[in-house]
Structures are given as C-alpha cells and as structure tokens.
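The chains referred to below are lettered A, B, ... by the order of the sequence lines, with proteins before strands, and numbering in each begins at 1.
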2 protein chains.
Amino acid sequence: MAKQAGKAPTLTDVARVAGTSTAVVSYVMNNGPRPVAAATRERVLAAAAELDYRPNRIARALRSRTTGVVGLILADASNPYFGALARHVEQALDKRGKLTLTGNAGYSPDRQEHLADKFLAAQVDGLVIVFADGGADVATQVKRAGVPAVYVHNQPEDGQAPAVTADNEDAVQQAVAHLRGHGHTRIAFLAGPRDAGPVGRRRATWETALAGTGAPLLRCEYSRAAAAALTGQLISEGSMPAALITATDEQAIGVLAAARAHRLAVPERLAVISLDGTPDSAYTAPALTVTQQPLEAMAAQAVDLLLGGEAAAPPALSAPLVIRGSCGCAATDS
Amino acid sequence: MAKQAGKAPTLTDVARVAGTSTAVVSYVMNNGPRPVAAATRERVLAAAAELDYRPNRIARALRSRTTGVVGLILADASNPYFGALARHVEQALDKRGKLTLTGNAGYSPDRQEHLADKFLAAQVDGLVIVFADGGADVATQVKRAGVPAVYVHNQPEDGQAPAVTADNEDAVQQAVAHLRGHGHTRIAFLAGPRDAGPVGRRRATWETALAGTGAPLLRCEYSRAAAAALTGQLISEGSMPAALITATDEQAIGVLAAARAHRLAVPERLAVISLDGTPDSAYTAPALTVTQQPLEAMAAQAVDLLLGGEAAAPPALSAPLVIRGSCGCAATDS
DNA sequence: ACTTCTTGTCTAATCGTTTAGATGAGAGGA
DNA sequence: TCCTCTCATCTAAACGATTAGACAAGAAGT
C-alpha cells in the first residue's frame with residue numbers, strides 16, 4: 001500500500017495523484033474555508049490514503065501562525081505534586097489536539113525566564129505556568145509577547161492573568177477546624193520561604209483563624225530535607241508545637257521523618273495535616289490526613305481557560321479533607 | 001530602545017536597517033556557511049539588537065528540516081522515578097539548546113503509539129523513550145520514520161536501538177548478597193506484570209542467583225496499591241517470604257504499607273530491598289535500603305547518545321547499594 | 001436572451017528562513 | 001595590460017502549507 005521509499009509525501013503530491021490543485025486538497029484536509037464537491041473530496045481522500053500523507057505541521061505553522069504546541073513551565077517534575085499536575089495538563093492538552101513543551105525551572109527565576117524565552121521563540125500557542133513562588137518578571141515578559149497564559153497553583157503579583165487554584169481558604173479552615181476538634185488550640189503552620197498569590201493566602205487564612213493563640217508560623221523550603229532539618233531542630237529545642245499544618249506534602253513527609261527519628265509519636269504528640277494530598281500522602285507512616293487538591297480538575301480547568309470554549313461556569317475546585325492517621329483519628333491504614 | 005508596536009521583526013527588517021541583503025544577516029546569525037566582513041557583521045548585530053530581533057524557529061525549521069525539538073515519551077510523570085528522569089532529560093537537552101516535547105503514555109501501548117505519531121508529525125529531531133514495559137510496535141514505527149531514538153530504562157525486544165540502563169545485574173547481585181549477609185536464603189522477587197529488556201534481566205539475574213532455593217517469584221503492576229494488595233493477601237495466607245527484593249520503589253512502598261497494616265515488622269520479619277532508589281525511598285518507615293539508580297547520569301548519557309558527540313567511552317552506570325533500615329541493618333534514620 | 005448568483009476549482013502570493021549560484025571589486029601573476 | 005583568484009555580497013529559489021482573488025459553468029431571476 002503505502003509508499004516507503006524517498007521523502008515524505010507533500011500536499012503537492014496528493015494534488016497530483018488526485019488530479020486537483022493543492023488548494024482543494026487543503027480545503028479537504030481541514031474542511032477548509034471553501035466547500036469541495038463530494039466526488040472530488042473522495043478522490044483527494046483516496047489519494048491521501050494511498051500515499052499515507054501526513055500534513056507537515058511546520059509548514060502549516062509558518063503559514064497559519066499557530067503551532068498547536070503549548071508550553072508548560074513548572075518548578076520540578078520530580079516533585080510528585082508537580083509531576084502529577086504535569087501529567088494531567090499534558091493529557092488535557094492532548095485531548096484538545098495540542099502538544100506539550102515541558103520545562104523544569106527549578107525554583108530559579110533565571111531559569112523561569114530562560115524557559116519562557118525559549119517557549120515564546122518556539123511560537124507556542126499558549127503557556128501553562130506552575131510556579132511554587134514568584135514569577136513576576138516572567139508574567140510581564142509573557143504578557144508583552146501577547147501569548148495567552150494561565151497560572152496554576154500560583155498567581156503572579158500583578159494579578160492580571162487568569163489563575164487556577166483550589167479553594168485554599170476553605171482547605172485551611174477545614175484543617176484548622178478538624179485539629180480543633182481533636183482539642184488543639186495552638187496550631188502551627190509550616191509555610192514556604194516566601195509567600196505570594198494563592199499559596200500565600202493559605203498562610204493568611206491560617207493567620208486570621210488562629211489570631212491571638214500564639215501559634216507559631218514556621219517557614220522552610222518546599223523540600224523534605226529542609227522540613228526534616230527544621231523539625232529536628234525544634235524538637236531538640238523542645239519548642240515543637242503539638243499540632244501542625246504544612247503547606248505541602250513534601251514538607252509533611254520531612255516532618256514525619258524527623259519526628260520518627262526523634263521518637264516523637266505522631267499523632268499522639270504531634271498532629272499533622274498537609275494541604276496537598278499527593279498520592280504519596282497515603283503511604284507515609286502514619287498515613288497523612290490531607291486536604292486533597294483536585295489536580296485533574298485543576299488541569300482541565302486551566303486548559304479550558306487557556307484554549308477558550310467550554311467556559312461553562314468553572315466548577316468550584318474544593319479540596320476535600322481526607323482523614324487518615326496523622327491527625328489523631330483512628331488510623332484507617334490499609 | 002526596542003520597538004514595541006506591531007509584529008515581531010523579521011530577517012528582512014534587520015537587513016533593511018543594516019543596509020544588507022537577508023543572506024548576510026542569515027550568515028551572521030548562524031556564523032553562516034559563508035564569511036562576512038567584520039564591519040558588516042557589526043552593523044548587522046547592531047541592527048538586530050536595536051530591533052530586538054529573534055529568529056523565527058518555525059521558518060528555520062521549515063527550511064532546514066531540523067526543529068531543535070526532541071520528544072520524550074514516558075509512562076507516567078507522577079511516578080517520581082519517571083518524573084525525576086524526565087527532569088534530568090529535559091535539563092540535559094536544554095543544555096544542548098533543544099526543547100523537550102513531553103508525553104505521558106500511561107502503561108498503554110495505544111497511547112505510546114499515539115504519542116510517537118504526534119511527535120513524528122511534529123518533526124522532532126529525536127526521541128527519548130522511557131517505558132516500563134513493551135513498546136515493540138513503537139520501536140518499529142519510529143525506526144521506519146528514520147528518526148533517531150534512544151531508549152532509557154528499557155529496550156524494545158528487537159534490541160537494535162541504543163538503550164541506556166543502569167547495571168541491573170550488578171544491582172540485583174548486590175541486593176541478593178546483602179540479604180544473604182543478613183542470613184536470608186529464601187529471597188523472593190517482586191517483578192512487574194511482564195518483563196522484557198533490561199528490566200526483565202533483573203528478574204533473570206535473580207533467578208540464576210537464587211536457583212534451587214525455592215524462593216517465589218511474585219508479580220504485580222508497578223503501583224503501590226497493587227503491591228499492597230498482593231502483600232496483604234500473602235500475609236493473610238501466611239505465605240509471605242521473609243526477604244524480598246522489589247523491582248521498583250513504588251512496589252516497595254506498597255509492600256511496606258501493607259506490612260504495617262498487618263503488623264508485620266520490617267525488617268525483623270520482612271526484609272526489603274528495592275531496586276530504584278528514588279528520593280521517596282529515603283522517607284519511608286523504615287527507610288528503604290535500595291540500589292540507587294544514577295538517574296542524572298542516565299539522562300545525560302541518553303542525550304549524548306541521541307545527539308552524538310561526547311562519545312567518550314560511556315561511563316558505566318552502576319547502581320550503588322544505599323543501606324538504610326529496611327534490610328535489617330541498624331536503621332540510620334535521619 | 002441577458003444579467004446575477006452560486007458553486008467548484010485553479011492560480012499564485014505569502015509566511016520567514018536558508019543557501020546555491022551570479023556578480024563585482026580588488027589583489028596578484030603573467 | 002589582461003587574466004585569474006579571492007572575498008564579500010546580492011538575487012532568488014526553495015521548504016510545504018494556507019487562502020484571497022480570478023474564473024468557468026450552470027441555475028435562477030427578470
């Protein structure tokens with residue numbers, strides 16, 4: 001059937017075989033801007049099939065100024081939270097026929113800009129940006145280029161660009177309420193090194209909820225090692241609070257490891273709730289009670305927002321509380 | 001300085017400002033195939049800077065038949081092993097000035113083919129393929145397209161394409177030797193559902209090492225849930241072996257969770273060593289003893305292999321044994 | 001019978017590069 | 001002086017698609 005020798009067949013080849021001009025072939029291929037007679041369409045389709053013709057996306061992109069590629073900039077794919085988000089974004093984009101150009105920026109603003117630059121030069125049709133923090137420079141850079149962009153999980157300071165996040169206020173409130181239900185009053189919060197945008201609002205919500213109780217605000221990098229180090233230090237000093245909400249699972253996992261190393265019983269002497277809810281959280285010891293972010297829904301909404309259509313009232317992205325062992329409830333280990 | 005209105009500047013614009021033809025501008029931009037007088041070069045560079053000119057990669061790709069984009073097909077970015085590998089591959093490619101098109105195939109051959117198809121249509125310069133298993137169809141599809149490809153972590157059955165893997169035989173042997181050092185003789189192996197290529201060789205190595213001891217070969221999907229279910233069942237039946245090597249960390253984590261749920265003490269009554277060594281493995285309870293795969297080196301080698309050059313004798317990719325608590329050594333928790 | 005639509009198709013310009021071939025100006029050799 | 005080489009540069013043809021404008025033929029309206 002299919003020719004196997006030589007170069008890939010082009011539009012012109014198909015036109016020659018079908019006995020038409022390249023224009024009609026193009027019209028057929030994209031149900032083009034002009035109608036084509038049924039009989040002709042058949043001939044074209046047959047010719048295309050015979051040659052195993054596949055349109056050259058590059059040529060199409062050059063002419064039509066749309067590449068069918070979307071850039072995804074994220075902090076770090078080896079963090080399961082971002083990794084899972086990346087996977088869902090990629091899948092949502094694929095469903096819309098788009099390809100995903102991925103870049104890991106680490107937590108460095110320089111690399112964020114570098115990637116944005118590269119992606120813009122590659123003429124992406126849009127950008128999905130998932131940062132842990134910061135990214136203001138990138139935001140203005142992107143806006144100036146006039147490329148549509150959506151921020152997920154965070155929002156640049158200027159707050160102009162559309163952003164998708166779970167309902168963080170609600171999540172924090174659920175966590176606080178649940179820990180209070182266990183009798184805790186001094187509930188500490190482990191935040192990231194800085195905070196801006198929606199993720200920062202987690203801290204703000206905690207602050208108003210716990211106002212006046214003297215519960216400490218802790219800060220460390222979003223890594224297991226950093227959280228473990230901080231926790232170890234606090235335990236040694238004897239200043240570890242009895243209840244803690246962590247901004248991320250990575251931090252919570254670090255806290256748990258340090259507690260174990262120092263023989264501090266969880267949840268008896270330290271109750272923990274984390275705000276991410278990655279798959280990892282179900283397999284820690286004890287399993288983490290979390291507010292589970294709906295990553296798939298967030299990814300879907302981000303893509304809808306970016307590509308338009310489906311603008312049906314964006315569903316509220318609530319992060320339900322998933323109760324496991326680390327908060328003090330009977331461990332429902334499995 | 002920079003123009004801000006209107007469309008992006010093109011080669012032609014630069015040529016006009018510099019008072020040259022587009023050819024010289026092109027020669028300057030890529031230290032072109034022909035020399036340019038120093039004075040002229042300066043003028044061109046100045047004009048380009050003034051206009052803030054950035055070459056249009058699409059047009060360049062159309063003409064020169066090379067896109068500067070490499071496709072990365074992997075099973076599942078939310079699995080930290082693949083996520084970390086993806087990050088390292090992306091970074092190695094970036095260092096070479098390439099962009100990374102990423103796709104998650106899940107564990108489905110259909111999606112593998114779908115992605116390969118898309119990427120080939122996008123005219124990628126090369127393909128990095130990271131599968132858990134299988135992928136023979138994709139391999140032939142890719143080979144027929146004549147696009148260079150490298151397989152990482154696995155190798156298609158036909159064994160023609162270059163592949164990068166850690167030294168799995170050695171890893172298994174280290175694990176077996178270590179568990180024997182703890183006095184175990186019946187050392188079971190938890191493999192994936194099928195096995196082919198290098199990953200399959202892990203099982204083969206185990207088989208020859210343990211020949212005649214009657215140690216069982218277990219199989220389940222590469223997921224925590226599947227491993228946990230299997231382990232739970234074995235414990236209930238009373239047929240759980242006392243020593244186990246798992247093919248992946250994900251499986252090991254599932255095993256640990258099930259053991260905990262069934263109050264089976266690790267490492268006292270069940271010693272475990274896993275063959276991946278993802279960051280996760282350091283934070284389980286007890287922390288996993290693993291053979292640690294050098295993901296970054298694997299990624300670097302894969303990219304070198306794909307893009308040529310640097311062919312300096314590929315370093316041996318050994319996976320050193322990292323001793324933590326799950327094997328029976330004194331837990332060096334931290 | 002003559003204009004006016006409609007419908008289907010073709011011609012050719014265009015997107016922004018790369019690069020082979022033509023051209024022209026000096027330098028050096030006879 | 002004339003011819004031959006270099007160099008530096010320019011002209012213009014690709015690359016493979018999209019799409020506005022021209023055109024031909026038949027249907028419909030008067």
Side-chain angles (χ1 to χ4, degrees), chain A residues 3 6-45 47-48 51-69 97 120-125 145, chain B residues 3 6-45 47-48 51-69 97 120-125 145:
Chain A
K3 290 262 177 52
K7 316 269 79 190
T10 73
L11 238 205
T12 318
D13 296 327
V14 177
R16 180 169 346 98
V17 172
T20 70
S21 73
T22 63
V24 281
V25 179
S26 173
Y27 296 151
V28 171
M29 297 322 271
N30 356 316
N31 298 314
R34 302 230 183 135
V36 173
T40 319
R41 146 169 277 109
E42 288 314 317
R43 261 188 305 139
V44 169
L45 256 18
L51 297 177
D52 189 28
Y53 166 74
R54 0 249 332 192
N56 181 325
R57 297 176 59 108
I58 303 292
R60 190 210 293 279
L62 176 59
R63 179 57 221 242
S64 60
R65 311 184 139 314
T66 144
T67 53
V69 173
L120 292 174
Q123 245 109 22
V124 293
D125 289 347
Chain B
K3 290 261 178 53
K7 318 267 78 191
T10 75
L11 239 204
T12 317
D13 297 325
V14 177
R16 181 170 345 99
V17 172
T20 69
S21 73
T22 63
V24 282
V25 179
S26 174
Y27 296 151
V28 171
M29 295 324 269
N30 357 318
N31 299 313
R34 300 223 186 144
V36 173
T40 319
R41 149 171 274 108
E42 288 314 318
R43 262 187 306 139
V44 169
L45 257 19
L51 297 177
D52 189 27
Y53 166 74
R54 0 251 332 194
N56 181 325
R57 296 177 60 109
I58 302 292
R60 191 210 292 281
L62 176 59
R63 177 59 219 236
S64 60
R65 311 181 140 316
T66 145
T67 53
V69 174
L120 291 174
Q123 245 109 23
V124 293
D125 290 347

Between B/Ala122 and A/Ile58, what is the shortest heavy-atom contact and its length?
-> O-CD1, 4.1 Å

Any N/O donor-acceptor pair, B/Arg63 side-chain to C/dT18 base, under 3.5 Å = yes

Check whether any side-chain nitrogen or oxygen of A/Asn56 sits under 4.0 Å from OP1 or OP2 of D/dC15, and answer yes or no.
-> no

Using atom CZ of B/Arg65 as one end and atom P of D/dA14 as the other, report the distance to the nearest whole Å.
-> 14 Å

Applying the side chain to side chain contact (heavy atoms under 4.5 Å, CB included) test to B/Tyr53, which of B/Asp13, B/Leu11, B/Val44 qualifies?
-> B/Leu11

Rounding to a whole Å, what distance do you find between A/Leu11:CG and D/dG16:C1'?
-> 7 Å

Separation of C/dC15 atom P from B/Arg60 atom CZ, nearest Å, is 19 Å

Just checking B/Arg34: base, sugar-phosphate only, or nothing, at a heavy-atom cut-off of under 4.0 Å?
-> base

Using atom OH of A/Tyr27 as one end and atom P of D/dG16 as the other, report the distance to the nearest whole Å.
-> 20 Å

Of A/Gln123, A/Arg57, A/Arg60, which meets side chain to side chain contact (heavy atoms under 4.5 Å, CB included) against A/Thr67?
-> A/Gln123

Return the value, rounded to whole Å, for the distance between atom CG of B/Leu62 and atom C1' of D/dC15.
-> 4 Å

From the list C/dC10, C/dT19, D/dA8, which nucleotide is the closest neighbour of the side chain of B/Pro35?
-> D/dA8

Among D/dT11, C/dC10, D/dG16, which is the nearest nucleotide to the side chain of B/Ser21?
-> D/dT11

B/Gln123 CD to D/dC15 C1': how many Å, rounded?
-> 11 Å

Indicate whether OP1 or OP2 belonging to D/dT18 is found under 4.0 Å from a side-chain N or O atom of A/Ser26.
-> yes

Most 5' of A/Arg57 and B/Val36 on DNA chain D, judged by nearest nucleotide | B/Val36

Nearest heavy-atom neighbours spanning A/Arg43 and A/Thr20 = NH1-CG2, 4.0 Å

When you measure from the side chain of B/Thr22, which nucleotide among D/dT9, C/dT19, D/dG16 comes out closest?
-> C/dT19

Report the nucleotide, chosen from D/dC10, D/dG16, C/dT18, that has the shortest atom-to-atom distance to any side-chain atom of A/Thr10.
-> D/dG16

Candidate nucleotides C/dG8, C/dT18, D/dT19, ranked by approach to the side chain of A/Thr40 - the nearest = C/dG8

Please report the shortest heavy-atom distance between B/Ala48 and B/Val14, naming the atom on each side.
-> N-CG1, 4.0 Å

B/Arg54 CZ to C/dT17 C1': how many Å, rounded?
-> 17 Å

A/Met29 has an atom CE; how far is it from atom C1' of D/dT18, in whole Å?
-> 13 Å

Touch check for A/Ala37, heavy atoms < 4.0 angstrom, all strands: base, sugar-phosphate only, or nothing?
-> sugar-phosphate

